[in-house]
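One structure is given here, and the rest of the page talks about it.
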Amino acid sequence: MIIDAHTHILGLAADPEFTARYGREGALCIYRARGELPSHRMPTEAEYGACGLAHDGFLEIGPEEMIAAHPGFDRIVLLAMSPQFLDGRLIGTVDNLGVTSVAGPPTPEKCNDYIADLQAQHPDVFIGFGSVNPNHRGVKAAVAELERSVVELGLQGLKLYPMYQHWSPADPILSFPIFEKAAELDIPVLVHQAGSTRVDARMEFARPALLDDVGRHFPSVRLLIAHCGTPWVEEAMFMCTKHPNFFAELSYHVSTVTSEELYRWLLHLEQMFVPLEKVVFGSDYPGFTYDPVRLRDKVLGVNDIARRLDMPEIPQAKLDGIVGDNFARIMRLVG
């Protein structure tokens, strides 16, 4: 089974122009590092256009585009983004494209309804994860929304964004009631516990070690650390070593290392007592330059590096686990 455990769909705000500006800011460092945008000043509109960031800083795509971008994949996880205010705008997953049957004008307040609708359109392909924000309408409202998302809407997991929404996963008042409800509902939780290139994101809430209290107080929760905790990858991996139900999701990290670095890193994981069964594939599609097929093939091709270096190969069963089977077990799609 091949699964992309980290994708985003639809828009980020009811205002598409704001969505594009949001994506531009996040992608600026990438295009600067590639020499496609100036590093000493902000780009002009013409320069944005020349590198492809004129209108697609944050792509708004629908279900058919998502499926088309994943040839050969069995399942795709669609992640909701819960409402939050940024620069005076309410942002979060919103259907500006009109591809869902959710009634009313587009609004991030209905983020979970949109993802549930898309999951229902392609139930054999899409796995929907809801999202809640305790800083938006309060903790009680967030817990109630989480229960509604799973019990009424049928969503199968939870995505959290602490650093973007300015709360700590170690906060017993804001965070613990959400994880307690996730434990009660017996759903996996994917947490963006990693850095961000968005200026407004608060890095002090991003460290993977902030999940330590969650692991101690809620040991039954199947928790995935998004992006392998980049730039604190070693810290995130140690969290996976310490907590039996912690896992690492590959997106972003797999894009920032060479194929040889990826191969050596996978070898290193088992040396630091992280079973490769704890690693799951994700692309973060359609963000920036993240091609699901290319990244999947990068993982599956690491033994080409091993043979070139005359070093031990990684068993094919473990690579198959990373690109899908491990996540299928976390989701209990297989035994």
Side-chain angles (χ1 to χ4, degrees), residues 1-9 63 66-67 69-80 115-116 118-130 149-151 153-160 179 182-191 215 218-228 236-237 239-241 243-251 253-254 262 266 269-270 273-285 292-293 295-303 313-335:
M1 187 173 291
I2 299 178
I3 303 174
D4 187 343
H6 194 133
T7 75
H8 297 279
I9 199 165
M66 179 66 76
I67 292 172
H70 286 81
F73 282 76
D74 298 291
R75 305 300 293 270
I76 305 167
V77 177
L78 306 181
L79 303 173
I115 297 298
L118 294 172
Q119 177 181 258
Q121 290 182 28
H122 298 277
D124 295 332
V125 178
F126 291 153
I127 298 171
F129 272 40
S149 297
V150 175
V151 176
L153 299 181
L155 295 176
Q156 301 177 57
L158 173 67
K159 175 69 186 293
L160 297 175
F179 284 100
E184 177 188 320
L185 295 168
D186 194 23
I187 56 170
V189 182
L190 176 63
V191 188
F218 307 101
S220 68
V221 172
R222 290 160 282 154
L223 189 148
L224 298 101
I225 304 175
H227 313 310
C228 290
M237 295 307 102
M239 289 295 99
C240 292
T241 298
H243 295 288
N245 273 336
F246 276 29
F247 304 87
E249 183 269 311
L250 266 178
S251 68
H253 178 60
V254 69
L262 177 62
L266 292 174
L269 285 187
E270 294 194 333
F273 316 122
V274 180
L276 294 187
E277 288 76 10
K278 281 188 167 244
V279 180
V280 305
F281 176 82
S283 70
D284 208 9
Y285 180 83
V293 173
L295 295 176
R296 175 203 62 193
D297 292 348
K298 185 176 184 178
V299 174
L300 291 175
V302 293
N303 282 331
E313 294 189 20
I314 295 172
Q316 188 62 44
K318 294 191 176 186
L319 296 179
D320 292 341
I322 291 171
V323 298
D325 292 345
N326 296 345
F327 189 75
R329 284 190 287 271
I330 294 169
M331 293 300 303
R332 298 173 182 159
L333 300 176
V334 297

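A heavy-atom distance below 4.5 Å is not found between the side chains of V191 and L224. Two residues are said to be in side-chain contact when any heavy atoms from C-beta on lie closer than 4.5 Å; N326 and F281 fail this criterion. Here the side chains of L262 and V299 are in contact, with some heavy-atom distance below 4.5 Å. With contacts defined as side-chain heavy-atom distances shorter than 4.5 Å, the pair E277/V279 does not qualify. With contacts defined as side-chain heavy-atom distances shorter than 4.5 Å, the pair Q119/Q156 qualifies. The shortest side-chain heavy-atom distance between R222 and V189 does not fall under the 4.5 Å cut-off. Taking 4.5 Å as the limit, every side-chain heavy atom of V77 sits out of range of all side-chain heavy atoms of K159.
L78 contributes atom CG, which lies 9.5 Å from atom CG of L155 (distance to the nearest 0.5 angstrom). In this structure, CZ on R296 lies 14.5 Å from NZ on K298, to the nearest 0.5 angstrom. For the atom pair L319 CG and L276 CG, the distance stands at 8.0 Å (nearest 0.5 Å). Atoms SG and CD, from C228 and E249 in turn, are 7.0 Å apart once rounded to the nearest 0.5 Å. Here F129 contributes atom CZ and I187 contributes atom CD1; the two are 8.0 Å apart, rounded to the nearest 0.5 Å. Separation of atoms CD1 (I314) and CG (L266) is listed at 4.5 Å; rounding is to 0.5 Å.
Nearest heavy-atom pair across I127 and F327 is CD1-CE2, 4.3 Å. Minimum interatomic distance between I330 and P188 (heavy atoms only, all atoms of both residues): CG2-CB, 4.2 Å. Taking all atoms of both residues into account, the shortest heavy-atom contact from P292 to H70 is CG-NE2, 3.4 Å. Across every non-hydrogen atom of M237 and A248, the tightest pair is CE-CB, 3.3 Å. The shortest non-hydrogen separation linking V274 to C240 is CG1-CB, 4.3 Å. F73 and D4 get closest at one heavy-atom pair: CD2-N, 3.7 Å.
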CA sep, side-chain torsions, deciding dist, call: I115, F126, side-chain contact (heavy atoms from CB on, under 4.5 Å): CA-CA 9 Å; I115 297 298; F126 291 153; over 6 Å; no
From CA spacing to verdict: side-chain contact (heavy atoms from CB on, under 4.5 Å), I9, L118: CA-CA 9 Å; I9 199 165; L118 294 172; 3.6 Å; yes
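Each salt bridge (charged side-chain N to carboxylate O under 4.0 Å, His left out) pair with one or both residues in residues 317-335, not counting sequence neighbours, appears once here: D186-R332, E270-K318.
A side-chain donor-acceptor contact under 3.5 Å links R75 to the backbone of D124. Without hydrogens or angle criteria, K278 side chain to P244 main chain gives a donor-acceptor distance under 3.5 Å.
T7 meets the side chain to side chain donor-acceptor pair (under 3.5 Å) test with no other residue; sequence neighbours excluded. Residues passing the side chain to side chain donor-acceptor pair (under 3.5 Å) test with Q121, sequence neighbours excluded: D117.
The aromatic rings of H243 and F246 sit tilted, their planes meeting at an angle between 30° and 60°.
Residues Y285 and H6 keep their aromatic ring centres 6.0 Å or farther apart.
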